Amino acid sequence: METFLVDQNGYYGEFGGAYIPEILHKCVEELQNTYLEVMRSESFGKEYEQLLRDYAGRPSPLYPAKRLSKKYGCKIYLKREDLNHTGSHKINNTIGQILLARRMGKKRIIAETGAGQHGVATATVCALMDMECIVYMGKTDVERQHVNVEKMKMLGATVIPVTSGNMTLKDATNEAIRDWCCHPADTFYIIGSTVGPHPYPDMVSKLQSVISKEIKKQLTEQEGREHPDYLIACVGGGSNAAGTIYHYIDDTRIQIVLAEAGGKGIETGMTAATIKLGQIGIIHGARTYVIQNEDGQIEEPYSISAGLDYPGIGPIHANLAARKRATVFPINDDEAIAAAYELTQLEGIIPALESAHAIGVLKKLDFKPTDIVVLTVSGRGDKDIETYLNVRFDD
Ligand SMILES: *Cc1c(COP(=O)(O)O)cnc(C)c1O
């Protein structure tokens with residue numbers, strides 16, 4: 001049977017792999033050789049599950065959204081990752097990676113962050129585990145995301161503002177990789193999404209796969225069957241989407257629908273619609289679609305949502321799109337804002353701007369009344385209130 005999961009060499013079709021500097025070969029190889037064995041061990045499984053339950057607050061509810069369902073003429077369930085500790089799905093991944101780091105004897109944790117959400121989730125688990133934490137963040141983002149910077153500092157992390165390039169996520173990532181090259185023996189690099197060299201995309205999707213594991217169980221309890229007709233999620237690097245689809249990925253009864261950030265519109269140049277506009281290139285150590293210019297230089301992406309504003313895309317999703325296993329819609333800023341207001345007013349749930357892109361997809365699909373739709377609300381909107389209040393829109 002055709003599979004959309006990773007192959008022996010770390011590829012998804014022609015996407016993925018590990019394109020890294022010579023100096024990192026040993027530590028990436030060490031991770032490749034270790035992660036599966038550790039993650040399959042009983043001690044890891046036990047500690048990971050316990051922390052997900054008692055610390056992160058899992059399982060997250062699968063909520064039947066009645067008023068939203070009525071509006072779209074189908075049955076919509078919301079997977080409530082917004083209710084997790086620290087406000088999104090990101091904690092699932094950082095808990096897992098820090099447990100792995102400890103089992104590999106690493107002493108120092110480094111991470112890159114754009115909006116600061118992954119930085120906060122990493123600083124959180126470092127406080128929990130009493131580990132040194134260094135977070136690289138573009139200087140522009142440090143200024144834009146002041147509250148998250150203060151949270152990371154309060155949690156005991158060192159935040160290093162990066163002043164190269166455009167001073168955003170791409171530059172923070174380069175700096176984190178540079179740090180890793182200087183300290184390969186004692187440092188563990190916690191990557192925040194299904195991006196980076198193999199094994200990161202597979203490791204992060206496995207850590208996020210708790211989402212689809214729970215959906216199967218919860219849907220069976222509520223609907224008497226474990227598969228929905230549609231799975232919908234937003235994609236930045238792709239981790240909440242990968243977790244949402246993981247246990248359903250090869251089951252073609254289910255339509256996978258992904259929302260990427262259209263920004264001000266895919267024809268305006270101010271966009272982060274990587275799957276629609278990207279060409280194959282190398283970013284962050286993986287072969288995938290990249291928004292780049294004619295010379296192969298990575299272009300600065302734009303989205304109103306800081307978490308979707310990434311010029312690459314996970315190799316899993318590039319492959320799903322290339323092989324038409326997933327349907328991808330760019331959702332523009334104004335559509336996401338309108339969708340956030342809609343969810344808030346119909347269901348009393350203020351979503352993160354990223355998650356609002358997934359809600360925005362509902363308008364693009366033609367549902368049958370019998371369709372069961374599961375949509376992941378990746379995070380809560382507290383961090384985005386300022387943006388919601390500042391943007392006027394006509395519904
Ligand atoms: C970071 C973030 C995203 C985007 O990251 P993925 O890896 O694509 O899931 C989406 N939603 C929220 C709330 C986030 O914090």
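Counting convention: from 1, in listed order, for ligands and their atoms alike. Model, not experiment: these values are computed from the prediction.
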Chemist: Provide the number and element of each atom of ligand 1 under 4.0 Å from a heavy atom of S193.
Modeler: 6 (P), 7 (O)
Chemist: So does R67 pair up with E342, basic N to acidic O under 4.0 Å?
Modeler: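 Salt bridge absent between R67 and E342.
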Chemist: Salt bridge (charged side-chain N to carboxylate O under 4.0 Å, His left out) with E226: which of K216, K217, K213, R253?
Modeler: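 That would be K216; it is the only one of K216, K217, K213, R253 passing the salt bridge (charged side-chain N to carboxylate O under 4.0 Å, His left out) with E226.
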Chemist: When only distance counts, is G379 in polar contact with ligand 1, meaning an N/O pair under 3.5 Å?
Modeler: no
Chemist: Tell me which protein heavy atom sits closest to atom 6 (P) of ligand 1, plus the residue, atom name and distance to 0.1 Å.
Modeler: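 Its nearest protein heavy-atom neighbour is S239 N, 3.3 Å.
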Chemist: If we only count N/O pairs under 3.5 Å, is Q117 in contact with ligand 1?
Modeler: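 N/O-N/O distance under 3.5 Å: no.
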Chemist: Using a strict cut-off of 4.0 Å, indicate which atoms of ligand 1 neighbour a heavy atom of G236.
Modeler: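 Numbered from 1, ligand 1 contributes 8 (O).
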Chemist: List, one per line, each side-chain donor-acceptor pair under 3.5 Å for residues 119-130, sequence neighbours excluded.
Modeler:
from	atom 1	to	atom 2	distance (Å)
T122	OG1	H118	O	2.8
T122	OG1	H118	NE2	3.4
T124	OG1	V120	O	2.6

Chemist: Salt bridge check: are E47 and R103 linked by an N-O gap of less than 4.0 Å?
Modeler: yes
Chemist: Could you find the nearest protein heavy atom to atom 11 (N) of ligand 1 and give me its residue, atom name and distance?
Modeler: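 Nearest neighbour among protein heavy atoms for atom 11 (N) of ligand 1, to 0.1 Å: S378 OG, 2.7 Å.
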Chemist: Working note: T3 + D250, criterion side chain to side chain donor-acceptor pair (under 3.5 Å); need CA distance, chi angles, decisive distance, verdict.
Modeler: CA-CA 6 Å; T3 182; D250 292 329; 2.9 Å; yes
Chemist: Any salt bridge between E354 and K383, counting N to O under 4.0 Å?
Modeler: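 Between K383 and E354 there is a salt bridge, with a charged N closer than 4.0 Å to a carboxylate O.
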Chemist: So, for H85 and Y55, is the gap between ring centers shorter than 6.0 Å?
Modeler: yes
Chemist: Heavy-atom contacts with G307 under 4.0 Å: which atoms of ligand 1 show up? List them by number with element.
Modeler: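 Counting atoms of ligand 1 from 1, those under 4.0 Å from G307 are 4 (C).
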Chemist: Counting heavy atoms only, which part of H118 comes closer than 4.0 Å to ligand 1: side chain, backbone, both or neither?
Modeler: neither
Chemist: Applying a strict 4.0 Å limit to heavy atoms, is E81 in contact with ligand 1?
Modeler: no
Chemist: Using a 4.0 Å heavy-atom threshold (strictly under), name the region of K90 that reaches ligand 1: side chain, backbone, both or neither.
Modeler: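 K90 to ligand 1: side-chain contact only, backbone stays beyond 4.0 Å.
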Chemist: What part of V235, side chain, backbone, both or neither, has a heavy atom within less than 4.0 angstrom of ligand 1?
Modeler: backbone
Chemist: Select one of side chain, backbone, both or neither to describe which atoms of A352 lie under 4.0 Å from any atom of ligand 1, heavy atoms only.
Modeler: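 Side chain only.
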Chemist: For R58 and E49: C-alpha separation, side-chain torsions, deciding distance, then whether salt bridge (charged side-chain N to carboxylate O under 4.0 Å, His left out) applies.
Modeler: CA-CA 9 Å; R58 304 202 71 90; E49 278 169 28; over 6 Å; no
Chemist: With only distance considered, is S355 within less than 3.5 Å of ligand 1 through an N or O on each side?
Modeler: no
